[in-house]
Amino acid sequence: MADTFIDTPAERAEDRNQLIAALILGAAAILTAFSAYNAALLDGEALQGYTESTRTLSDANAFYAQGNQTSAIDQAIFVEYASAQQSGNAELAEYLKTLMRPELLEAVDWWEATDEAVTPFDELEGNPYTLSDFEEAQTLEEEAGTQFDEGSAADEKGDKFELASVAFALTLFFAGIATLFGRRAITLALLAVGAFTLLAGAAVLATAF
């Protein structure tokens with residue numbers, strides 16, 4: 001009877017430790033799957049954001065290049081027009097006006113009516129000269145920046161899910177081997193470490209939302 005009385009609490013303690021280990025392992029397994037899924041999802045979103053940002057920035061650069069070409073053509077036509085005006089060649093000047101874009105033609109009229117302006121391209125208040133390509137390029141550049149920031153934010157959140165997954169993997173290891181040892185102190189220590197890594201992973205996980 002005495003031996004039976006001594007063995008029973010040890011068996012109950014072992015069963016309790018196994019139950020605790022099972023609960024820790026179950027929670028860690030569920031949270032690992034959840035973290036891994038979200039990490040993969042966010043990695044895809046980050047890649048998409050970076051890809052879209054690169055594509056949009058490439059389009060912006062194309063508009064900048066096109067705007068520079070348009071600006072160079074406008075300036076060349078204006079130089080010819082100004083030379084024709086100064087030489088008194090009204091016929092050539094009128095012809096050159098037919099080659100001007102509406103935005104340049106309006107700017108030339110403004111330039112001729114404004115004493116402060118040296119050229120139709122001066123950055124003065126009231127100058128109607130615009131380059132839609134540059135405006136489009138600036139819009140696309142801002143959009144590219146937004147897309148990059150979104151991709152970066154998704155990447156950062158994905159890193160947190162991956163870090164949580166590492167913590168849960170440690171939990172699975174420590175809780176998994178805890179009940180393999182005969183000494184109760186070692187089992188409890190490993191369960192404590194497993195519980196700690198589980199809580200640490202959960203804390204990291206909470207910051208990802």
Side-chain angles (χ1 to χ4, degrees), residues 34-166 203-209:
F34 177 77
S35 298
Y37 170 77
N38 282 279
L41 190 65
L42 288 166
D43 283 345
E45 291 182 6
L47 179 60
Q48 181 180 358
Y50 291 143
T51 302
E52 289 179 351
S53 175
T54 301
R55 186 185 304 115
T56 303
L57 189 58
S58 177
D59 292 339
N61 289 332
F63 274 104
Y64 274 125
Q66 185 172 303
N68 286 329
Q69 292 178 354
T70 302
S71 176
I73 293 172
D74 285 347
Q75 292 180 32
I77 294 176
F78 168 71
V79 169
E80 293 296 327
Y81 171 79
S83 297
Q85 285 282 68
Q86 290 179 357
S87 63
N89 192 339
E91 184 178 351
L92 177 59
E94 287 300 318
Y95 170 73
L96 290 171
K97 274 193 168 185
T98 64
L99 302 179
M100 295 180 182
R101 297 184 306 116
E103 294 84 356
L104 176 58
L105 184 59
E106 187 177 357
V108 168
D109 292 339
W110 169 84
W111 166 70
E112 292 177 335
T114 306
D115 295 333
E116 298 177 358
V118 179
T119 72
F121 312 106
D122 292 353
E123 295 182 1
L124 296 176
E125 184 177 355
N127 188 347
Y129 181 76
T130 58
L131 278 169
S132 59
D133 290 330
F134 284 163
E135 295 174 355
E136 183 66 22
Q138 291 174 356
T139 300
L140 289 173
E141 191 173 10
E142 292 174 359
E143 183 180 345
T146 300
Q147 292 170 339
F148 182 87
D149 290 341
E150 291 174 351
S152 181
D155 192 20
E156 184 177 347
K157 289 181 64 176
D159 289 343
K160 291 182 179 179
F161 279 110
E162 289 174 357
L163 180 59
S165 295
V166 172
V204 173
L205 197 62
T207 64
F209 293 98

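What you are looking at is a predicted structure, and each value in this text was computed from that prediction instead of being measured.
Across Leu42 and Gly158, no two heavy atoms sit closer than the pair CD1-N, 3.6 Å. Nearest heavy-atom pair, Gly67 versus Leu131, reported as atom, atom and distance to 0.1 Å: O-CD1, 3.9 Å.
Once rounded to the nearest 0.5 Å, the distance linking OG1 of Thr114 with CG of Asn127 reads 8.0 Å.
The aromatic rings of Phe34 and Phe161 lie perpendicular to each other, with more than 60° between the two planes, well past the 30° mark.
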Practice problem: Step by step, work out the side-chain contact (heavy atoms from CB on, under 4.5 Å) result for Lys157 and Glu45. | Solution: CA-CA 10 Å; Lys157 289 181 64 176; Glu45 291 182 6; over 6 Å; no
Note to self: Is there a side-chain contact (heavy atoms from CB on, under 4.5 Å) between Leu57 and Glu141? Walk through the geometry before answering.
What the structure shows: CA-CA 6 Å; Leu57 189 58; Glu141 191 173 10; 4.3 Å; yes
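Using modelled atom types, one finds a donor on one side chain and an acceptor on the other under 3.5 Å when comparing Gln85 with Tyr81. Of the N and O atoms on the side chains of Asp122 and Thr119, at least one donor lies less than 3.5 Å from an acceptor on the other residue.
A heavy-atom distance below 4.5 Å is found between the side chains of Thr70 and Arg101. Inter-residue side-chain proximity for Arg55 and Glu52 is flagged as met; some heavy-atom pair is nearer than 4.5 Å. Side chains of Ser71 and Gln75 form a contact here, defined as non-hydrogen atoms less than 4.5 Å apart.
Note: Phe134 and Phe63 fail the aromatic proximity criterion, with ring centroids not under 6.0 Å apart.
In this structure, Thr56 contributes its side chain and Ser53 its backbone to no donor-acceptor pair below 3.5 Å. No donor-acceptor pair under 3.5 Å is formed between the side chain of Ser35 and the backbone N or O of Glu162. Of the possible polar contacts, none joining the Asp74 side chain to the Met100 backbone as a donor-acceptor pair under 3.5 Å is found. Side-chain atoms of Thr54 come within 3.5 Å of backbone N or O of Tyr50 as a donor-acceptor pair.
Of the candidates Phe78, Trp111, Phe121, Trp110, Tyr129 forms a ring-ring contact (aromatic ring centres under 6.0 Å, His included) with just one, namely Phe121.
With a 6.0 Å radius and a threshold of 12 heavy atoms from other residues, nucleotides or ligands, Glu156 has its CD atom at or below the threshold.
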